[in-house]
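Inspection log for the structure reproduced underneath, given as structure tokens.
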There are 2 protein chains.
Amino acid sequence: MARLPIYLRALTVLVERGIGTCSSEDLATATGVNSAKLRKDLSYLGSYGTRGVGYDVDYLRYQIAREIGVTQDWPVVIVGIGNLGNALANYSGFRSRGFRVVALLDAAPERHDEAVAGLEVRPFDDLEEIVAAESVSIGVIATPAVAAQDVADRMVAAGVTSILNFAPTVLSVPEGVDVRKVDLSIELQILAYHEQRKAAPDADLGHATDQEVIA
Amino acid sequence: MARLPIYLRALTVLVERGIGTCSSEDLATATGVNSAKLRKDLSYLGSYGTRGVGYDVDYLRYQIAREIGVTQDWPVVIVGIGNLGNALANYSGFRSRGFRVVALLDAAPERHDEAVAGLEVRPFDDLEEIVAAESVSIGVIATPAVAAQDVADRMVAAGVTSILNFAPTVLSVPEGVDVRKVDLSIELQILAYHEQRKAAPDADLGHATDQEVIA
DNA sequence: AGGAGTTTGTGAACGGAAGAACAAAACGAG
DNA sequence: CTCGTTTTGTTCTTCCGTTCACAAACTCCT
């Protein structure tokens, strides 16, 4: 389930506040979901609550972390150290949430040997060697769109089976490889869409006239 | 619909290639969706295709752009010019897809007057003035998690009605304000979840034993 | 010990999205 | 002009996720 990481984060906050127990209602309001949905999500993992009491925060947090698979660290490579790649390399949230950036790769020679976030930027051709040496199964693509498919192909060939893609392209990968896409423009466009609807509730009138022009 | 921007991008590629007409099947494979679903999405906008022929690429592209609301530019403010804010400010994709970054704000005085992507970083307290002057309705939050809710409150009070939030927090906003969240760690955790399932198909055995420990 | 008050876990109803399938419409060939 | 081919627009069915509602279970107070 895609909501497990959200619960995990909320539980971590509760742990830091020293709260030992919480009800499904508490967690639901903290994460912005329906409490029945939350209970059903959790019950899918097993029966970790106590009726009349709630959930043990620490224990539930560990169970969710184990279910997601972030009880141990996952090695990650980042390809494309431009503005975005730089930001990702410096993002401390990865480290604290079960991921370890083991290498930064870039095709441009002028970036090589530069130090970013305490790591040296290495040639893209080192990909296969690094993936094999560190048993990397997760790759992050932060290159321009034109390079993304090539990078993905090389990653898959090297043994990467999960890809987080920031390039604005649809990647095609073989069966068994997972791809998740983060597209900043698309997020803004979705907001613009709703924004437009707020501004002009009856904006549909434009359609008919435009249709007539064509017809 | 959240898929409209994807279609828009694919159509832009087709325009650049000089392709004048395409079928729903073409667009579907290019965007990775089912062709029936695509046709249903498009028919929701109006009847813009020709049976036996397909869709006029240029015309359809314009119609989708108009539906999304990106035929004219939307002014956007970015708050929090750290690593990520920097990358966002420099991202050229916003400009070419209907968005114009009008201001960069940061609470830290040592960042003020610094030039980022051709814009001066200004104090966060200038928010209200800028939002009013430029009629900004979309704000981007790239601050640390602890500051995000305060920034959101100020944005909403100033008149912003759509927020793109990169901080790993659940924002609470009044009715009528849209929030979209981009959380990098969550994306990686979802990949890790699937990755774990690939590695150990019967990892569920662990549950029962752990339950016994508690019980 | 028993009853009142909570809270979980889940069965059942609901809604909406996704895919299959087909009729209507346009084009081109003969 | 008619027939066959292509492709859209739409209907119908299926399925999945969400929500409601309630019984089971646990705690606390008397």
Side-chain angles (χ1 to χ4, degrees), chain A residues 1-7 10-11 14 19-64 67 170 190 193-194 204 207-208 210-212 214-215, chain B residues 1-7 10-11 14 19-64 67 170 186 190 193-194 197 204 207-208 210-212 214-215:
Chain A
M1 290 282 185
R3 284 183 296 270
L4 255 32
I6 303 178
Y7 304 152
L11 287 167
L14 293 180
I19 297 173
T21 291
C22 73
S23 69
S24 64
E25 199 63 42
D26 296 339
L27 244 188
T29 54
T31 54
V33 305
N34 181 290
S35 67
K37 178 158 56 170
L38 186 141
R39 284 200 300 277
K40 195 162 279 189
D41 287 346
L42 295 186
S43 75
Y44 171 73
L45 310 187
S47 201
Y48 293 142
T50 310
R51 300 178 188 218
V53 178
Y55 299 92
D56 181 285
V57 173
D58 228 6
Y59 180 61
L60 181 60
R61 193 177 80 96
Y62 173 73
Q63 291 301 334
I64 292 181
E67 180 74 14
V170 178
I190 293 171
Y193 173 81
H194 294 300
D204 289 312
H207 290 325
D210 269 5
Q211 253 176 329
E212 287 164 14
I214 289 299
Chain B
M1 290 282 181
R3 285 184 295 270
L4 255 31
I6 304 177
Y7 304 153
L11 286 167
L14 292 179
I19 296 172
T21 292
C22 74
S23 69
S24 64
E25 198 63 43
D26 297 339
L27 245 189
T29 55
T31 55
V33 304
N34 181 288
S35 66
K37 178 159 55 168
L38 187 142
R39 286 200 298 278
K40 195 170 288 184
D41 287 346
L42 296 186
S43 76
Y44 171 74
L45 311 186
S47 200
Y48 293 142
T50 310
R51 299 179 188 218
V53 178
Y55 298 91
D56 182 285
V57 173
D58 228 6
Y59 180 60
L60 181 61
R61 192 177 81 97
Y62 173 73
Q63 291 301 335
I64 292 181
E67 179 75 13
V170 177
I186 286 184
I190 293 172
Y193 173 80
H194 293 301
R197 291 304 167 100
D204 289 312
H207 290 325
D210 270 6
Q211 249 174 333
E212 287 165 13
I214 289 299

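Chain A is the first sequence line, chain B the second, and so forth, proteins listed ahead of strands; every chain is numbered from 1.
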5'-most to 3'-most nt of DNA chain C touching chain A (<4.0 Å, heavy-atom partner on protein side) reads dT6(C) to dA12(C)
Does the ring center of Tyr48(B) lie less than 6.0 Å from the ring center of Tyr55(B)?
no
If you define the side chain from C-beta out and look only at heavy atoms, does anything of [X] sit under 4.5 Å from [Y]?
| X | Y | value |
| --- | --- | --- |
| Leu27(A) | Leu60(A) | yes |
| Pro5(A) | Ile190(B) | yes |
| Leu42(A) | Ile64(A) | yes |

Look up atom CD in Glu67(A) and atom CG in Asp41(A), then write down how far apart they are to the nearest 0.5 Å.
11.0 Å
Distance col, row Arg3(A):CZ vs Ile186(B):CD1, nearest 0.5 angstrom, shows 12.0 Å
Arg51(A): salt bridge (charged side-chain N to carboxylate O under 4.0 Å, His left out) partners, not counting sequence neighbours
none
For the residue pair Ser35(A) and Ala28(A), what are the closest heavy atoms and their distance?
CA-CB, 3.6 Å
Whole angstrom value for the distance that separates P of dA25(D) from OH of Tyr55(A):
16 Å
Enumerate the residues from residues 23-41 of chain B whose closest heavy atom to DNA chain D is under 4.0 Å, giving them by residue number; use none for an empty result.
Ser23(B), Ser24(B), Arg39(B), Lys40(B)
On DNA chain D, check which nucleotide each of Gly52(A) and Met1(A) is closest to and give me the residue with the more 5' one.
Met1(A)
